[in-house]
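Heads up, the thing below is written out as structure tokens.
We count ligands from 1, going down the list as the structure has it; atoms in each ligand are counted the same way. Everything numeric here is computed off the predicted structure, so don't read it as measured data.
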Amino acid sequence: MRRSAMPIANWNDLVKRAKTLRYATDLVESGLASPSDRAALDSVAARYAVAISPSLAALIDPADPHDPIARQFLPDAAELVTVAEERGDPIGDDAHSPVAGIVHRYPDRVLLKLVHVCPVYCRYCFRREMVGPRGRGTLSPQEIVRALDYVRANKNIWEVILTGGEPLLMSPRRLRVVMRALAEIDHVRIVRVHTRMPAVAPERVTSDLLRALKSSGKATYVVLHVNHAREMTKEVRAACAKIVDNGIPMLSQSVLLRGVNDNADTLDVLFRMLVECRIKPYYLHHGDLAAGTGHFRTSISEGQELMRALRGRLSGIAQPTYVLDIPGGAGKVPVGPNYLQEKGGKSARSYRVEDPSGGHHLYPPAVAD
Ligand code: SF4
């Protein structure tokens, strides 16, 4: 859908204009899409929200038909193709939502979804039917009170995970109000914030935001959503360093995406870079069954092979867990690969173990005569 080439002067103009691209016209005028694709792009944008932040637009190389940033954010006619197993709510948020904004899937933790808008719209988003200007919007003040009342009333809730949408789109002032309310709930010990903001709009990581993030006084973690090392620009790395330097540990989550990061070298570079930035790779998600995202999904066996390839060559602290969110809301589980096979039934307590180089061993080792 993109033009095959663009003069570099125009590319620089694009950065200077510093405007979020939201419509087919914007994409064509910026040189990121061809005029002949305008009608198809309009159809995609009518179905799913589109937004590309200025810093991401600047990262896209219009001359590269396989640009991994473009693939994540530029709409594609393939999104209009849905297959039978895809769903509007692929991980079953609604089935576990006792009040607006809360998803209570596991006993000791809840998601708190305050906003359903984002600074960018990822083309593979698992909540793509809920987010965007035509999505579920922002919780009203009354809904926020009810969501916090739910957390307060359920004393087994140990961890609250702010997600969305993009929770850091809230102003620091509004974020502080929520954080201070959480501060008053003794049984909540952990606040986790899932965000794409530092990677797509690093200028939004301000001292004000950092103060707001810390204002609950609870142990607070920031989980960065990032899929390719090209997203980790100098500005993004500086924004993440500010977060960590302020005493907030960072983890990352990535989605395994065909044409973006579905090879071992790309994942290797990404995970090493994250660790160098003091961000622990936490999850590599298998692509969810979100409508119109089949062109991004790999098979689980491809994902397992990638993880197997990384096992021997990456430090343990650079290895995320490869996980599948079971469709319908049954939860998230690691999906291998598996290095251990039982031999001779459970009572025999004997195993065949695969080492990082693919060799096989008995555990416990055979006893010499
Ligand atoms: S930032 Fe998250 S919620 Fe927003 S579009 Fe991307 S994946 Fe979806």
Side-chain angles (χ1 to χ4, degrees), residues 20-22 44-45 47-57 59-60 68-76 79 86-94 97 101 103 111-139 161-170 175 192-202 204-205 209 222-228 230-232 236 239-240 250-261 270 282-293 295-297 320 323-325 332:
T20 293
L21 309 175
R22 297 183 187 278
V44 177
R47 176 87 177 81
Y48 302 111
V50 172
I52 305 180
S53 65
S55 55
L56 278 183
L59 269 187
I60 295 174
I69 311 298
R71 183 152 169 88
Q72 291 182 67
F73 300 104
L74 271 184
D76 189 310
E79 295 172 50
E86 291 178 340
R87 303 162 179 224
D89 179 17
I91 69 166
D93 279 356
D94 287 345
S97 182
V103 177
L111 304 184
L112 175 52
K113 300 195 289 183
L114 298 163
V115 292
H116 285 89
V117 286
C118 305
V120 293
Y121 289 103
C122 314
R123 307 322 304 163
Y124 53 86
C125 175
F126 66 126
R127 294 198 176 114
R128 60 192 332 215
E129 310 267 4
M130 303 176 190
V131 299
R134 296 179 297 274
R136 298 189 184 176
T138 301
L139 288 194
I161 302 163
L162 269 57
T163 182
E166 171 56 69
L168 298 189
L169 262 187
M170 283 194 306
L175 183 62
R192 195 187 335 158
V193 180
H194 280 207
T195 178
R196 213 161 180 3
M197 190 69 94
V200 301
R204 301 274 300 236
V205 180
L209 177 69
V222 166
V223 181
L224 176 70
H225 174 176
V226 60
N227 299 317
H228 194 281
R230 286 252 323 273
E231 293 168 63
M232 296 296 292
V236 172
C240 294
M250 287 188 76
L251 308 167
S252 71
Q253 56 176 343
S254 306
V255 185
L256 181 57
L257 297 168
R258 188 174 298 292
V260 174
N261 59 13
L270 171 65
Y282 172 44
Y283 280 148
L284 176 65
H285 292 269
H286 186 71
D288 291 309
L289 292 172
T293 62
H295 53 301
F296 282 113
R297 271 194 306 281
V323 289
L324 172 73
D325 248 307
K332 198 183 281 108

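Of all protein atoms, those of element N, O or S that lie under 2.8 Å from atom 6 (Fe) of ligand 1 number 1.
Salt-bridge annotation for Asp94 and Arg136: present, with a side-chain N of the basic residue lying under 4.0 Å from a carboxylate O of the acidic one. Salt-bridge annotation for Asp93 and Arg127: present, with a side-chain N of the basic residue lying under 4.0 Å from a carboxylate O of the acidic one.
Cation-pi geometry between Arg297 and Tyr124 is not met at under 6.0 angstrom from the ring centre and within 45 degrees of the axis.
Looking at every heavy atom in both residues, His228 comes nearest to Val260 through CD2-O, 3.2 Å. Pro75 and Val50 get closest at one heavy-atom pair: CG-CG2, 3.9 Å.
The backbone N or O of Arg196 sits less than 3.5 Å from a side-chain atom of Glu166, completing a donor-acceptor pair.
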